[in-house]
Protein chains: 2
Amino acid sequence: MHLPQWIAAWVLLLHGCAADQPPQAASTRTDVRNCSTDPPYLPPTATNTTARLAALRGTMQAHGIHAYIVPSTDAHLSEYIAERDSRLGWLTGFTGSAGTGVVTQDKAALWTDSRYWTQAERQLDCNWELQRTTWIESIGLWIVEAVPVGGNISLDPFLFSIDTWNSYSQALHSSGRTLLPIETNLVDQAWGDQRPPPPSSEIYSLPAAFTGSSWQEKVAGIRQQMEQHVRQPTAVLLSGLEETAWLFNLRGDDIPYTPVFYSYTLLTNTSISLFVDKLRLTAAAQLSLWADCPGPLCVELQDYGQARDHLRLYAHGNVTIWLGTQYTTYGLYGVIPQEKLLEDSYSPVMLAKAVKNVKEQEMLRAAHVRDAVAVIQYLLWLEKMVPQGQVDEFSGAQHIDTLRQAQEHSHGPSFQSISASGLNAALAHYSPSNRSSRKLSVDEMYLLDSGGQYLDGTTDITRTVHWGVPTPLQKEAYTRVLMGNIDLSRLVFPPNTAGRVVESFARRALWDVGLNYGHGTGHGIGNFLSVHEWPVGFQSNNVPLTAGMFTSIEPGYYQDGEFGIRIEDVALVVEAHTKHQSGEEPFLTFEVVSLVPYDRNLIDLSLLSPEQIRYLNTYYETIRARVGPELQRQQLEEEYHWLQRSTEPFPLGSAATTATATTGMLALTPFLSTLLIGLQA
Amino acid sequence: MHLPQWIAAWVLLLHGCAADQPPQAASTRTDVRNCSTDPPYLPPTATNTTARLAALRGTMQAHGIHAYIVPSTDAHLSEYIAERDSRLGWLTGFTGSAGTGVVTQDKAALWTDSRYWTQAERQLDCNWELQRTTWIESIGLWIVEAVPVGGNISLDPFLFSIDTWNSYSQALHSSGRTLLPIETNLVDQAWGDQRPPPPSSEIYSLPAAFTGSSWQEKVAGIRQQMEQHVRQPTAVLLSGLEETAWLFNLRGDDIPYTPVFYSYTLLTNTSISLFVDKLRLTAAAQLSLWADCPGPLCVELQDYGQARDHLRLYAHGNVTIWLGTQYTTYGLYGVIPQEKLLEDSYSPVMLAKAVKNVKEQEMLRAAHVRDAVAVIQYLLWLEKMVPQGQVDEFSGAQHIDTLRQAQEHSHGPSFQSISASGLNAALAHYSPSNRSSRKLSVDEMYLLDSGGQYLDGTTDITRTVHWGVPTPLQKEAYTRVLMGNIDLSRLVFPPNTAGRVVESFARRALWDVGLNYGHGTGHGIGNFLSVHEWPVGFQSNNVPLTAGMFTSIEPGYYQDGEFGIRIEDVALVVEAHTKHQSGEEPFLTFEVVSLVPYDRNLIDLSLLSPEQIRYLNTYYETIRARVGPELQRQQLEEEYHWLQRSTEPFPLGSAATTATATTGMLALTPFLSTLLIGLQA
């Protein structure tokens, strides 16, 4: 699936290309606001924020605050958040997943990245300035202009990571303004009883069939790391919701698309404290956690709201607390004395979770086989329905959800499907709605980026198709995106290689002809957890690739106002079998576990090298071997035959060497002679 | 040329492979020390440091210092240093280019990286522990063990960058020991009148024919950047010796291999202060600097020793001083109040110097043509002399120096040649000496990594050759190193791409079969300046590649105890002509300016793709076109014919497609049919 803003920002920076442009002059459009007319023009999608801003300003005044910073995340720095945490959305009307709002007594501004500029102009009213950047320095400059010297700038310390806090602190450093954390959230005060209540749904244990190892084994592994660490930490603090869910093999439904629940964990060398609404735990879950009580493997359940006080108390002792700065808020971090901190970017739980064991790998593979069945059903359905003009982006997205839901162990989609036809696919973050949905057509390309949650794994796959006659550029761009996908997927690389130093292999075929894409190349993925699972991937802040990690590989190409292409597979990092071996550990490569063929209609075989074609044919053999029997088991005969047709081996003779040699006939003749001599010999 | 330690450390970290192993058990060898026998065994290459250490400990006692840290660099953080700055070398006997010594009253230790472990065991006496790491944390731990709480740890603040100072500060943080900068250098005190005197040679202006633009134009360009900067700096501080030399088009001979001179510059918006031994400036140089006096383009000459006091005085005003932290010492940095600092990693002069203008590009190209003549002469000479057993590593290195010296505008070598035969080439940093030099043989591979200083440019090239029958592994490894060189050289990439995200293209052909190399892939290079010119290159701390930059491209392969391969060319970043254009700026690629053919005896053509062969043939055409006429002009007829032979186009028919297709004959037949049909049509 497409990557979140903090990744995209990095990629835009690195590759110096912005995927989106500012929207065209607002005056000519009715879908976006126009604040320069009198009265201002607001589209029906905009929210009236006057009363909300007044309420917030009231609470600000009561606290003596001159500017208040509102982020888009929750207290666990989650990517997807619950409705009750959508403070920025409530305050501004803007529902994009990444942004920052700042409110003073007479001004209000929203910062967001290029993916969301159009959406913001559709959703904001004229109380809000839109700032087209996400740099904290820019926010700091705006605040310094808006707030006089001596003023107080405030934020909720439980909604900002340590690093983000430090960036604000530095941006306002020696400006004469004070950055003041206030533990009472002022937006929540203004929101009042309109704010959605906390979730009350069950928190349940994963059945043993769907866990890679018992939670006791996981705890023992983390404690062993603590013992072996040179700093000898006495405890590990977990703030990320996936960390606690993974560690205890528990799941919940507090957050859309990601089966996690509000919680913190403090795992010490002698005890385990799980901060959670204990009334929501199923009886089986409680039994599992208490199986070894009393003792070091007894999980003490504490109130979710007690996490900070408990941590503060614990930190009074002769202790060292290990945490990952990327997922810990300043609010928690701040209660631990500096000399008792052991900081890494990611907690040892985050890193352990990233490397799947053999059983977890098998489960993810199995989930991808069933997921492939649903996607294949969908592609065949489109082939039949689109020519009849019966499908639009929204009904398509609904249909793929339904097909996945019918698969065994399904637990809904892993994110909101990106179902985009024609020019909509060129928008990097497009999702259709019931209100505005383009009809699919044999004359346009169609992109579906979607995924499922299954008890045994999380999936994420993108396929782009064309049912008619693609333009030469569409075909060339698609083929080059595919070449990039293949080149990275078949890469052999040394152990401990960082993703960022190999992701260009997914771009080179595009670069060769002056094309590129403005987003990241991939991200980790969980076992019935997050579809974007850090810290695996190809970005600068990802950890080195290790056997057992799963990552998406998803190059693309976007022609503004015309079409968009992305080809995304999930791949497992595996040991490679190389001719030589240098160093003690074997080299690595990828095993692609997404099992859906690409669109033959869009492949220009003459661009592919023989190695790429060979790779593709081998991949198609794998698809047939793994998905074919499952289609038959599910008695999907038509789909089975579609799969056979779609995975026919490609002829090697069409490979790039012929095509390029033909462009220089002089070169062809000695080449051919050698071939003939080789055959005669 | 091979990369310095701070780069190598990064690469070792990144790729997780150490090129060198610890030396074998000392007891079996006579070339390294053995401190565990009684009396200890010292080879003749070791230096007796007892008296030197006693002298240093005396000065430490006089200053109340319990541990003193001695680095390997000078006050300008130069890579190559003058003899009088070789404080670590004098104190320890160790002459490697990278290391850190720490001395207490009863202990002494040297930290260095794997390239130098063997050399250190040959040169240190038993007063010194050898620490096989360069991490400052490790130095800090050692110090904390060696120095009791309350002790003073000291260093010369003019020999440490801000970042390094901060690392020591952090390593000793809250340890109860004090880190105390002392401006008097204690090693210099101990060294006394044995320390070499300051240089007295001339500092001269480059003739206009060898400058890219006048120094006034360069100053105007930097001042324009100051004006346009959002922080509006009032001055730029230059500490790197190359920065001042480049800015004023001046050169000197204070440092081996690099034509620079001791100096600092403070360039303000209204004045220019050059801190230098003014008596050493030639009359022409003085005239050039004073041509526009009085006025903002008048260069005020001040004593070299006055730089810090002048800077301190200047910093009293309402000023903002722009500097690059990578080349500024803590001694200078510390006199500027924090709020008056504008810090970047590199000064604007460093960045301006990195992008060569058209004239500078032409000069560098021309220098490389003459340099190619010298290297071609050398390769031909080796072909004739090696079979007679007449050449050893040292005499070879002397001969290439002599050949370069005979070329027009020559100004000596740009670094000490790495002339390494057989297993010696597997040592990453080997240079032969008169005393120990292996004979070149037709049965071994030979690696020459060398370069020249010319008034119009600096060169750096590595060729590896074999005059007999290479082993299959040698041939395969050489070919794959060459494929890596080609793949990176012919890469097309977007503007603003960082070198670190493309350097893997130089490794992939090796990775494919489980091989790799443990050093960086390239570095910037100057116009008659440093052979390692920062901040250009492929490392994590390099700036994005921009048209006009020159970088080396130098993959390699090293088989421990057997042979070593490196193929290094210098390449210019140029605009690419792509089929499509996305974004506003054109994509980029490389133009290789090193012009010496590779060893045909070592190339396995069947591994190369048709594209790689085509690239190679085009490169060889360029070599013929540029170097051929120069060889004829110099009446080097034999060399001319050697060049023609060595640059014969390679037949495309031998390309990888044939070889790989032959391994799967089934695939060959349809391929051939298509070819035939294509020909008949």
Side-chain angles (χ1 to χ4, degrees), chain A residues 13-17 174 338-339 473 476 491-498 500-505 507-508 511-516 544 576 578-583 585-587 609-611 614 651-658 660-662 664 667-668 670-676 678-679, chain B residues 14-17 174 338-339 473 476 491-498 500-505 507-508 511-516 544 576 578-583 585-587 609-611 614 651-658 660-662 664 667-676 678-679:
Chain A
L13 182 71
L14 179 71
H15 295 285
C17 56
S174 68
Q338 194 66 35
E339 69 274 14
L473 177 61
E476 175 174 16
L491 186 72
V492 174
F493 51 93
N496 285 311
T497 296
R500 68 173 179 282
V501 304
V502 296
E503 72 111 43
S504 299
F505 288 101
R507 300 180 185 270
R508 189 181 51 172
W511 285 358
D512 267 348
V513 291
L515 306 179
N516 198 11
T578 52
K579 180 176 172 187
H580 307 288
Q581 183 165 344
S582 63
E585 288 176 67
F587 276 36
S609 71
E611 288 78 14
R614 255 178 234 120
L652 265 174
S654 329
T657 42
T658 322
T660 38
T662 314
L668 186 59
F671 186 16
L672 186 63
S673 327
T674 312
L675 274 179
L676 291 169
L679 281 175
Chain B
L14 179 69
H15 295 285
C17 57
S174 68
Q338 194 66 33
E339 68 275 14
L473 177 60
E476 175 174 17
L491 186 73
V492 174
F493 52 92
N496 286 311
T497 296
R500 68 174 179 280
V501 304
V502 296
E503 72 110 43
S504 300
F505 287 102
R507 300 180 186 269
R508 189 182 49 173
W511 286 358
D512 267 348
V513 291
L515 306 179
N516 197 11
T578 52
K579 179 175 172 186
H580 308 287
Q581 184 167 345
S582 62
E585 288 176 68
F587 276 37
S609 72
E611 290 77 13
R614 257 178 232 119
L652 265 173
S654 331
T657 42
T658 321
T660 39
T662 314
L668 187 60
T669 320
F671 186 18
L672 186 63
S673 326
T674 314
L675 276 180
L676 290 170
L679 281 176

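Reminder, nothing fancy here: chain letters follow the sequence lines and each chain counts from 1.
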Note to self: Within this structure, what is the CD-CG distance for the pair B:Glu611 and B:Leu652, rounded to the nearest 0.5 Å?
What the structure shows: 9.0 Å

Next item on the list: Can you see which heavy atom on A:Val492 is nearest to which on A:Thr578, and at what distance?
Entry: CG1-CG2, 3.7 Å

Notebook entry, point to check: Out of B:Ala576, B:Ser582, B:Pro586, B:Ser174, which one racks up the most heavy-atom pairs below 4.5 Å with chain A?
Noted result: B:Ser582

Check: Roughly how far apart are A:Phe587 CZ and A:Thr497 OG1, rounded to 0.5 Å?
Finding: 7.5 Å

Notebook entry, point to check: Where on B:Glu339 is there a heavy atom nearer than 4.5 Å to chain A: the side chain, the backbone, both, or neither?
Noted result: neither

Note to self: Return the NZ to CG distance between A:Lys579 and B:Leu515, rounded to the nearest 0.5 Å.
What the structure shows: 9.0 Å

Item checked: Segment of B:Gln338 engaging chain A (4.5 angstrom heavy-atom cut-off) -> neither

